[in-house]
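Notes to accompany the following structure.
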There are 2 protein chains.
Amino acid sequence: MTVWDRPEPPTRPAPLDRERIVAAAVALADEGGLEAVSLRKVAARLDVGPMRLYGYISTKEELFDLMVDEVYAEILPEEQPGDWREVLRVLAHRTRQACLRHEWLADLLGGRPALGPNALAVTEATLAVFDGLTDLDTVMRAVETVNAYFTGAIRREIANLRAERASGLSEREWQHASGPHVRRLLATGRFPALARFVHDGNEVDAEVSFATGLDWVLDAVAARLARPAGVTFRISG
Amino acid sequence: MTVWDRPEPPTRPAPLDRERIVAAAVALADEGGLEAVSLRKVAARLDVGPMRLYGYISTKEELFDLMVDEVYAEILPEEQPGDWREVLRVLAHRTRQACLRHEWLADLLGGRPALGPNALAVTEATLAVFDGLTDLDTVMRAVETVNAYFTGAIRREIANLRAERASGLSEREWQHASGPHVRRLLATGRFPALARFVHDGNEVDAEVSFATGLDWVLDAVAARLARPAGVTFRISG
DNA sequence: CTCATGTCGATACACTGTATTTTGACGAGA
DNA sequence: TCTCGTCAAAATACAGTGTATCGACATGAG
């Protein structure tokens, strides 16, 4: 018995439904982050007692699940181009954009399986483009690998973004900006390689960094799609 | 001013220091997950009033940061083999193992930049093995890409593991096990590709799935290390 | 011995998610 | 029309949270 199973209660004169609740929660989270979402505040925003919400959701985690699925509706592209590579690329970028619009999404993404209707629709659209291309196992591995990449990359990007924002207008990368602590540790000489990166490394745009890594991973997938499961093929040691 | 900057207070006859606090918090989290960690419970486990802790940490988030860095000590391998590919592979697997031992780590990983001494030591060891191999930009991209992959993959693995555990001894993959909701949605016929996967897909061991995707990503990195930054090289469209 | 310092514990506050109880409105039967 | 039962909604209650504040006490200096 999960959220998705529970039917909405009979529509009474009450001007309240799950959609409005979720919308209020999303608005709250957009404004003040996930921790600004409390059942009391959501209820207040709807001019309703806190306990009213429990007729529509049965726990706060369920509300979070619903919020995530709400945003998956933004992620699902309106029309699909034909190429699997383009589909995965677009999915990754749309997910990233959604996380930039709703930073709290980065905290939730991957935290629990996304099983809402919109999330499933996204998965369906993704899997569909591989139809007949190779065996199911390879397709699963491909999709999961790309997903793991962009999920992790987005999470780190948002984390860095927040850190920079918190430490006040980051000068360069996190290493330079993150206060006296890192500098002091680097000064100990215990981290020469790291020090070189902090000193000589270039500041790179987050989006191109994301896109570059994504292309690498897509290349890897492409290589494996050419040679279906079973055959291993190392390029270099 | 972060946790790492704050010196430990002068060692009084008080049998309390940051190490003991962090150890208690980690133990608590190991037993009951992150949400079982409350400052009051940590303090209680050390026979101390809750406010005592604020002499050593200044916020709960800092405690979490310290917990993460504590586990990074487990992740740092005792001795490094020479090959960059092996180093990244081992790092990924050790991180995964650490997350299986301390599932709460998966909730924290990537959530904020890891800047503790142990985390930096891990980064240092990772970067060092690339010394002189290519330009710094490529190395950075390589490390971050692999990191993004295994971070995301681990997070999903733990999420699925919990879901299976919660839904009581999962029969197969999450799709089958996740209650009537998914089954009902699949029955609508709106998700034919997904349905095929649920029906025909094989159950795959989480570890080999992790290792396989990791190998793909490592291959992609290897291909780029061979051809330094700037040159793009698509294998397939 | 007195006094200042500064550490520690207790208390306090505002807030959380959620269970339980109270209220009140509305429809059915007399 | 009046009464009563039912059921949704609101109010209250509870156990817990992170953290600020304050009072007491022990320990060191003069």
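Order of the sequence lines sets the chain letters (A, B, ...), proteins ahead of strands, with each chain counted from 1.
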Worksheet item: Taking 4.0 angstrom as the limit, do A:K41 and A:E31 come out as a salt bridge?
Response: no

Practice prompt. Find the distance A:L63:CG to C:dT16:P and express it as a whole number of Å.
Written response: 14 Å

Discussion item. Tell me the interatomic distance from B:E35, atom CD, to C:dT18, atom P, rounded to whole angstroms.
Written reply: 11 Å

Worksheet item: What is the distance from CG of B:D47 to P of C:dC8, rounded to the nearest Å?
Response: 15 Å

Worksheet entry | Shortest non-hydrogen separation from B:L109 to A:R155 and the atoms involved | O-NE, 3.0 Å

Worksheet item: Which whole-number value in Å describes the distance from A:L53 CG to D:dA9 C1'?
Response: 12 Å

Practice prompt. State whether B:R94 and B:E78 are salt-bridged, where the test is any N-O pair (Lys NZ or Arg NE/NH1/NH2 against Asp/Glu carboxylate O) under 4.0 Å.
Written response: yes

Worksheet item: Taking the six-membered ring for Trp, is the centroid-to-centroid distance between A:F210 and A:H93 below 6.0 Å?
Response: yes

Practice prompt. Could you state the atom-to-atom distance from CG of B:D17 to P of C:dC8 in whole Å?
Written response: 13 Å

I'd like a table of atom pairs between the protein and nucleotides 15-24 of chain D - only N or O on both sides, under 3.5 Å - with the distance next to each one.
residue	atom	partner	partner atom	Å
D:dT17	OP1	B:S38	OG	2.9
D:dG18	OP1	B:L39	N	3.3
D:dG18	OP1	B:K60	NZ	2.9
D:dG18	OP2	B:L39	N	3.0
D:dG18	N7	B:R40	NH1	2.4
D:dG18	O6	B:R40	NH2	3.2
D:dT19	OP1	B:T59	OG1	2.8
D:dT19	OP2	B:Y54	OH	2.8
D:dT19	OP2	B:K60	N	3.1
D:dT19	O5'	B:Y54	OH	3.0
D:dT19	O4	B:R40	NH2	3.4

Worksheet item: Do you know which two heavy atoms are closest between A:A159 and B:P113, and how far apart they sit?
Response: O-CD, 3.8 Å

Worksheet entry | Euclidean distance, atom CG of residue A:L34 to atom P of C:dG17 [Å, nearest integer] | 12 Å

